[in-house]
Amino acid sequence: MNDRKLKELFELSRGEQPPTPPMGFDARVVTALRRESRSQAGPLSLWEQLGQLLPRLAVATVMVVGVCVAVDFYASTDAPSLTAGIDQISDQWLFAQNGN
Amino acid sequence: MSDDVELLDRIRKGALDDFAEIIQRHQAQVFAILHRYERDAQKVEDLAQETFIKAWRFLDRFDGRAPFQHWISKIALRVALDHLRRIKRIRPEIALAELGEEALDWLQDPGEETHLAAQRAGELLGIAMRELSAEDRQVITLLEIEGRSVKEICGLTGWTSAAVRVRAYRARGKLRKTLTSMEKMKNE
């Protein structure tokens, strides 16, 4: 490889066309930047975190209460009442204590 | 461009959407620079994105004394240099198949009869330059392919003119040696 040939190679490669930027490239970069700036925002305070969590907690609480009421309703249809059940358990415990 | 400054002021104040305008104005130039260091179009796009993201992150450091075009070129060159250093670690051996018949014929022709298309020449040079260090490749690209002056290269890279000249001289020697060994590949 002589100098002339090397120079020719440089000159030839100078004529190569670079790729054209794809459509929407600018929008993609801006979207990436927006995502980055959002993730760079400072950490949330305790109140902000609670504020975000509260609606979910409220829904979860309502659901748990609803499930408990439903379970109690269906369980109490063919079972003895709660006070009768407690009486029975305490009697068994007392008799067991006395050795009967 | 003079109105880059106004636009950049607005971006600094939080108008992120205006950055799209800056990208549109300078994307062709950034793609052209990066294409000299990476031939895969998808990777060029990723590097261009990295360039603009870095520009946005360090926008406060742009003082407006030099044109924005010059500043973004410096960032693109920095991104290209980092990319070359990364790929240097996983550089594959030069294979005969990747050179192609046209390039091999041109290499072996001592005269001027064989024609080589610009794209093939770019590919051939890209393969040969894999043997150079990232810095050597950058100096050859800036000096010989982009046709920039030593002074301009000093401004873009931060190297001294003596360093640019010495590096270019050594890089040219290494490149000549690599191309000579590629010339002989077909006969082996």
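Below, chains carry the letters A, B, ... as their sequence lines are ordered, and counting in each starts from 1. On a predicted model such as this, the values are computed, not experimentally measured, just so you know.
- Considering all non-hydrogen atoms of both residues, A:Pro18 and B:Ala32 come closest at CB-CA, 3.7 Å.
- Contact count against chain A (heavy-atom pairs under 4.5 Å) is highest for B:Leu179 among B:Val30, B:Leu179, B:Ile22.
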* Yes or no on salt bridge (charged side-chain N to carboxylate O under 4.0 Å, His left out) for A:Asp26 and B:Arg25, after CA distance, side-chain angles and deciding distance? -> CA-CA 10 Å; A:Asp26 54 327; B:Arg25 285 183 193 178; over 6 Å; no
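- Note on B:Val166: it does not cluster hydrophobically with B:Leu156, by side-chain heavy-atom contacts below 4.5 Å among ILVMFWY residues.
- Once rounded to the nearest 0.5 Å, the distance linking CG of A:Leu33 with CD1 of B:Ile23 reads 6.5 Å.
- Each of B:Leu81 and B:Trp71 belongs to its own hydrophobic cluster when Ile, Leu, Val, Met, Phe, Trp and Tyr are linked at side-chain heavy-atom distances under 4.5 angstrom.
- Put simply, CD on B:Gln119 and CD on A:Gln17 are 10.5 Å apart, with the number rounded to the nearest 0.5 Å.
- Checking B:Leu107, B:Leu175, B:Leu124, B:Ile145 one by one against A:Leu9, the side-chain contact (heavy atoms from CB on, under 4.5 Å) holds for a single residue, B:Leu124.
- Hydrophobic cluster membership is shared by B:Leu104 and B:Met129, with clusters built from Ile, Leu, Val, Met, Phe, Trp and Tyr side chains linked at under 4.5 angstrom.
- Of all heavy-atom pairs spanning A:Val29 and B:Ile53, the tightest one is CG1-CG1, 4.3 Å.
- Minimum interatomic distance between B:Gln49 and A:Phe25 (heavy atoms only, all atoms of both residues): N-CZ, 3.7 Å.
- For the residue pair B:Arg172 and A:Leu6, the shortest heavy atom distance occurs at CG-CD2, 4.0 Å.
- Contact check for A:Phe10 versus B:Leu125: side-chain heavy atoms found under the 4.5 Å cut-off.
- In this structure, no portion of A:Glu11 lies under 4.5 Å from any heavy atom of chain B.
- A:Arg34 touches chain B through backbone and side chain together, each having a heavy atom under 4.5 Å away.
- Environment of CZ in A:Arg4: crowded, with over 12 heavy atoms of neighbouring residues, nucleotides or ligands closer than 6.0 Å.
- Around atom CZ of B:Arg165, no more than 12 heavy atoms belonging to other residues, nucleotides or ligands sit under 6.0 Å away.
- Grouping Ile, Leu, Val, Met, Phe, Trp and Tyr residues whose side-chain heavy atoms lie under 4.5 Å apart, directly or via other members, places A:Val69 in a hydrophobic cluster with A:Val65.
- Residue A:Lys5 holds its NZ atom at 11.5 Å from OG1 of B:Thr180, rounded to the nearest 0.5 Å.
- By the criterion of side-chain heavy atoms lying less than 4.5 angstrom apart, applied directly or through intervening Ile, Leu, Val, Met, Phe, Trp or Tyr residues, B:Val150 is grouped together with B:Leu142 in one hydrophobic cluster.
- Between the side chain of A:Arg14 and the backbone N or O of B:Ala118 there is no donor-acceptor pair closer than 3.5 Å.
- Taking chain B as the reference chain and counting heavy-atom pairs below 4.5 Å, the highest number among A:Pro19, A:Ala32, A:Ala27 is found for A:Pro19.
- Contact residues of residues 39-48 of chain B toward chain A are B:Arg39, B:Val44, B:Glu45, B:Ala48 (heavy-atom distance under 4.5 Å).
- When all heavy atoms of A:Ser13 and B:Arg36 are compared, the pair lying nearest together is O-NH1, 3.5 Å.
- When each of B:Thr141, B:Ile33, B:Asp109 is scored by its heavy-atom pairs under 4.5 Å with chain A, the top score falls to B:Asp109.
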